[in-house]
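Heads up, the thing below is written out as C-alpha cells.
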There are 2 protein chains.
Amino acid sequence: MAYSIGEVSEMLNISISTLRYYDKEGLLFRVNRTTGNIRVFDDTDIECLKMIECLKTTGMQLKDIKLFFHWCEEGDSTIDKRYQLFLEQKEKTEKQIELLQHALDRVNYKCEYYRLAKEKGTTNDPSLQDELAMKYLTKDNNK
Amino acid sequence: MAYSIGEVSEMLNISISTLRYYDKEGLLFRVNRTTGNIRVFDDTDIECLKMIECLKTTGMQLKDIKLFFHWCEEGDSTIDKRYQLFLEQKEKTEKQIELLQHALDRVNYKCEYYRLAKEKGTTNDPSLQDELAMKYLTKDNNK
DNA sequence: ATAAAACCTAAACCTAACTTTAGGTCAATA
DNA sequence: TATTGACCTAAAGTTAGGTTTAGGTTTTAT
C-alpha cells in the first residue's frame with residue numbers, strides 16, 4: 001500500500017512537519033518520491049516510523065535511531081552492533097521503568113497525604129502524619 | 001543541619017549550576033543566605049530538592065513544580081489544588097510506565113531477533129522468523 | 001480550465017533545561 | 001595577611017526536537 005504524508009500523519013498521529021523533519025534528519029531515507037517530488041510511504045516505511053516511536057519512547061535520540069536504520073541497510077555485517085544496541089536499550093528502559101515506579105510510589109503517597117489533609121481541612125493535624133505512618137509503616141516514602 | 005551549595009551538589013548528585021538555575025527560576029525560594037550572600041541549605045531544602053527530582057522524573061515541568069511549592073507556602077487553602085495535581089501526576093506516570101513497558105516488550109523482541117540472527121549469521125534465514133513466531137506465537141510484537 | 005487542497009523546501013523561530021563564561025566576592029588556611 | 005578554593009551574578013551559549021513562515025509546485029475535484 002502507498003500513503004501520502006497526510007495519511008501517514010493521521011494514521012500514526014505524528015504531525016506532518018515532524019515527518020518532514022525526520023526525513024530531513026535522514027531517518028526516512030527509504031521513502032520514495034513521485035516524479036513531482038511528492039513523498040510516497042509504503043508499509044515498510046510505516047513499520048520504520050513505528051520503530052522510531054518505540055525507540056523514542058525508550059529515550060533514544062534521533063541520531064542514534066538514524067544510525068540503527070543505516071546499520072539495517074548495511075546488511076548482515078552489522079548484526080552484532082544492532083544486537084548490542086537493543087541489549088543496551090533494554091537495560092536503559094528497565095532502569096527508566098524502575099525510576100518511574102519509584103517516583104510513582106512517592107506520588108501515590110502524596111495523593112494519600114493530601115486526601116487525608118483535605119478531609120481534615122489542614123496539613124497541620126497531627127493525626128494526619130499518624131494515619132499515614134500507620135498505612136505505610138515507615139515515613140521514608142516521603143523522603 | 002546546614003549545607004553549602006557544593007555539599008548539596010555532592011549529596012544529591014545535582015550540579016552546582018543546576019542548583020543555581022533552580023534558584024533563579026524560583027524553585028528554591030526557601031533557601032537562606034549568609035550576610036555575605038552565600039546560600040545556606042537546610043534539611044527541608046534537601047527534601048524540596050528530592051521532591052523536585054521525583055516530580056521531574058514523572059515528567060513535570062519546572063514551572064509547574066514551582067507552582068506546587070508556592071501552593072505549599074500559601075497554606076491550607078490550596079490543599080485541593082495540590083491533591084488534584086498529584087492525582088493528575090499519578091495518572092500521567094502510570095500511563096508513561098505503560099508506554100515504556102510496551103516499548104520494552106518490543107525491544108526485548110528485537111533482542112531475541114538479533115540474538116538468533118547472530119547465531120544464523122544473517123537476518124534472511126527463514127527459520128529465524130519461524131523460531132520467533134514459535135516463541136511469541138504472534139508476529140504482532142514486531143509491529 | 002480553474003480553483004482549492006495538499007504537497008514541497010529552506011530558513012527562521014521556539015522551548016525547556018541546562019551549561020559556560022567573565023568578572024568579581026567571601027571565607028578558611030598557612 | 002595573603003592566597004586559594006568556594007562561592008556569587010548576569011548574560012550568553014547549547015542542545016534536542018521540533019514548529020512556523022514564506023514562497024512556491026502538484027494534484028484533485030468541479
Side-chain angles (χ1 to χ4, degrees), chain A residues 1-42 45 48-69 89 92 96 99 103, chain B residues 1-42 45 48-69 89 92 96 99 103:
Chain A
M1 269 293 283
Y3 314 95
S4 70
I5 196 169
E7 285 166 339
V8 173
S9 171
E10 283 248 313
M11 283 166 64
L12 301 183
N13 216 24
I14 303 173
S15 81
I16 289 179
S17 67
T18 298
L19 289 170
R20 292 208 264 247
Y21 170 68
Y22 288 170
D23 196 3
K24 200 180 72 183
E25 291 301 298
L27 277 86
L28 304 182
F29 53 84
R30 282 196 75 267
V31 174
N32 280 317
R33 304 275 186 137
T34 65
T35 49
N37 202 34
I38 305 276
R39 288 178 188 84
V40 181
F41 294 75
D42 65 19
D45 298 319
C48 284
L49 281 164
K50 286 183 184 171
M51 184 49 76
I52 290 171
E53 290 295 279
C54 169
L55 292 175
K56 248 174 25 103
T57 299
T58 71
M60 194 182 287
Q61 288 179 214
L62 294 185
K63 69 169 178 338
D64 294 321
I65 298 175
K66 173 182 171 179
L67 195 58
F68 164 65
F69 285 128
Q89 212 56 27
K92 285 183 182 168
Q96 181 58 19
L99 257 177
Chain B
M1 271 292 284
Y3 314 94
S4 71
I5 196 169
E7 286 166 339
V8 174
S9 171
E10 283 249 314
M11 284 165 64
L12 302 184
N13 215 24
I14 303 174
S15 81
I16 290 179
S17 68
T18 299
L19 290 169
R20 292 208 263 248
Y21 170 68
Y22 287 169
D23 196 2
K24 201 180 72 184
E25 292 299 301
L27 278 85
L28 305 182
F29 53 84
R30 282 196 74 267
V31 174
N32 280 317
R33 302 278 185 134
T34 65
T35 50
N37 201 33
I38 306 275
R39 289 178 187 85
V40 182
F41 295 74
D42 65 18
D45 297 320
C48 283
L49 280 164
K50 286 182 183 170
M51 184 50 76
I52 290 172
E53 290 296 279
C54 169
L55 292 175
K56 249 174 23 103
T57 299
T58 70
M60 195 182 286
Q61 286 180 213
L62 294 185
K63 67 170 176 346
D64 294 321
I65 298 175
K66 173 182 171 178
L67 195 58
F68 164 66
F69 284 127
Q89 213 56 28
K92 284 184 184 169
Q96 182 58 20
L99 257 178

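In what follows, chains are A, B, ... by sequence order, proteins preceding strands, each numbered from 1.
Taken to the nearest 0.5 Å, the CZ atom of F68(A) stands 8.0 Å off from the CE atom of M60(A). Separating the CG atom in D64(B) from the CD atom in Q89(B) is a distance of 8.0 Å, to the nearest 0.5 Å. Taken to the nearest 0.5 Å, the CD1 atom of I5(B) stands 9.0 Å off from the OG atom of S15(B). To the nearest 0.5 angstrom, I52(A) atom CD1 is 11.0 Å from T18(A) atom OG1. Distance check: L55(A) CG to K66(A) NZ gives 15.5 Å after rounding to the nearest 0.5 Å.
In this structure, CD of Q61(A) is placed 6 Å from P of dA16(D), rounded to the nearest angstrom. With rounding to whole Å, K66(B) atom NZ is found 14 Å from dA17(C) atom C1'. In this structure, the CG atom of N37(B) is 13 Å from the C1' atom of dG24(C), given to the nearest Å. One can place CZ of R33(B) at 14 Å from C1' of dA6(D), the figure rounded to the nearest angstrom. Rounded to a whole Å, the CG atom of L28(A) is 15 Å from the C1' atom of dC8(C). For the pair M60(B) CE and dA16(C) P, the interatomic distance rounds to 15 Å; values are reported in whole Å. Spacing between atom NZ of K63(A) and atom P of dA16(D) amounts to 6 Å, rounded to whole angstrom units. The separation between F41(B) atom CZ and dC7(D) atom C1' is 11 Å, rounded to whole Å.
When distances run from any side-chain atom of I5(B) to the nucleotides dA16(C), dG18(D), dC8(D), the shortest one goes to dC8(D).
Of all the residues in residues 8-26 of chain A, I16(A), R20(A) reach under 4.0 Å from DNA chain C with at least one non-hydrogen atom.
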Between S9(A) and L19(A), does the side chain to side chain contact (heavy atoms under 4.5 Å, CB included) criterion hold? Intermediate values first, please. CA-CA 7 Å; S9(A) 171; L19(A) 289 170; 4.0 Å; yes
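Between G6(A) and I38(B), the one whose closest nucleotide on DNA chain C sits nearer the 5' end is G6(A).
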When the side chains of residues 22-31 of chain B are checked against the rest of the protein, which donor-acceptor pairs come out under 3.5 Å, sequence neighbours left out?
from   : atom 1 : to     : atom 2 : distance (Å)
D23(B) : OD2    : R33(B) : NH2    : 3.3
D23(B) : OD2    : R39(B) : NE     : 2.6
D23(B) : OD2    : R39(B) : NH2    : 3.3
R30(B) : NH1    : D45(B) : OD1    : 2.6

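Not one side-chain nitrogen or oxygen of R39(A) sits closer than 4.0 Å to the OP1 or OP2 atom of dT26(D). Contact annotation: T34(A) reaches the phosphate of dT27(D) (side-chain N/O to OP1 or OP2, under 4.0 Å). At dC18(C), one or more side-chain N or O atoms of K56(B) fall inside 4.0 Å of OP1 or OP2 (strictly under the cut-off). Phosphate contact (OP1/OP2 of dC7(D), side-chain N/O of S4(B), threshold under 4.0 Å): present.
The side-chain heavy atoms of E7(A) and F41(A), taken from C-beta on, include no pair separated by under 4.5 Å. The side-chain heavy atoms of Q96(B) and T58(B), taken from C-beta on, include no pair separated by under 4.5 Å.
Summary for the helix from dA1(C)-dT30(D) to dA30(C)-dT1(D): the axes at its two ends, each from 5 pairs, differ by 0° when rounded to the nearest 10 degrees.
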